[in-house]
Amino acid sequence: QVQLVESGGGLVQPGGSLRLACAASGSIFSIRAMGWYRQPPGKQRELVAHIANGGSPNYADSVKGRFTLSRDNAKNMMYLQMNSLKAEDTAVYYCNALILRRSWDLSPTSYWGQGTQVTVSS
């Protein structure tokens, strides 16, 4: 089995910062890509940032210059540093990973974490 667990959400004032973490564990041969998504209240889930193996992070226009995605491949961890937070960043943030569980798997499987709430409010 594979498990993704997010942490680091909470309540922060506008202009503040938070750092989210995603830990992947279980039967993992290789993580091909990881990303952060978010679902604001009453809206659809949307991509925040994404990184594939060997590539550079890609960001949604709404978070460019404010959010930074990083990975620690040795620990199967991913982080999202969120600065200059705005009210419109309020959402449940989800971690996603494309994972090969075995060396002979032909294609990766998509896994999701349970989500962590980020609320930006004064």
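Sequential numbering from 1 along the given sequence is applied to the chain's residues.
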Using modelled atom types and a 3.5 Å cut-off, is there a donor and acceptor pairing between side-chain atoms of [X] and backbone atoms of [Y]?
X    : Y    : result
E6   : C95  : yes
N96  : Y111 : yes
T116 : Y93  : no
R32  : L98  : no
Y59  : L69  : yes

Least distance between heavy atoms, [X] atom then [Y] atom:
X   : Y    : result
P14 : S122 : CD-N, 3.7 Å
S30 : N53  : OG-ND2, 4.2 Å
V2  : S27  : CG2-O, 3.4 Å
P41 : T90  : CD-O, 3.7 Å

Supply the atom-to-atom distance [X] [atom1] to [Y] [atom2], rounded to the nearest 0.5 angstrom.
X    : Y    : atom1 : atom2 : value
H50  : M34  : NE2   : CE    : 10.0 Å
S110 : I99  : OG    : CD1   : 8.5 Å
R19  : Q81  : CZ    : CD    : 6.5 Å
L4   : Q114 : CG    : CD    : 9.0 Å

Close side-chain approach of [X] to [Y], heavy-atom, < 4.5 Å:
X    : Y    : value
L85  : F67  : yes
R66  : M82  : no
Y79  : T68  : no
P40  : E88  : no
S25  : N76  : no
I31  : N73  : no
R101 : T109 : no

Parallel, tilted or perpendicular, as decided by the 30° and 60° cut-offs, for the rings of W112 and Y94: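 Perpendicular, since the angle between the ring planes exceeds 60°.
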
Derivation and outcome, side chain to side chain contact (heavy atoms under 4.5 Å, CB included), residues V63 and R38: CA-CA 12 Å; V63 306; R38 68 185 181 186; 3.9 Å; yes

Pairing of D89 and K86 as salt bridge, 4.0 angstrom limit: no

Qualifying residue, where the test is side-chain contact (heavy atoms from CB on, under 4.5 Å) with Y37 and the options are E46, R45, Q44: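 Exactly one pass, corresponding to R45.
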
Listed partners of A23 passing side chain to side chain contact (heavy atoms under 4.5 Å, CB included), at least two apart: M77

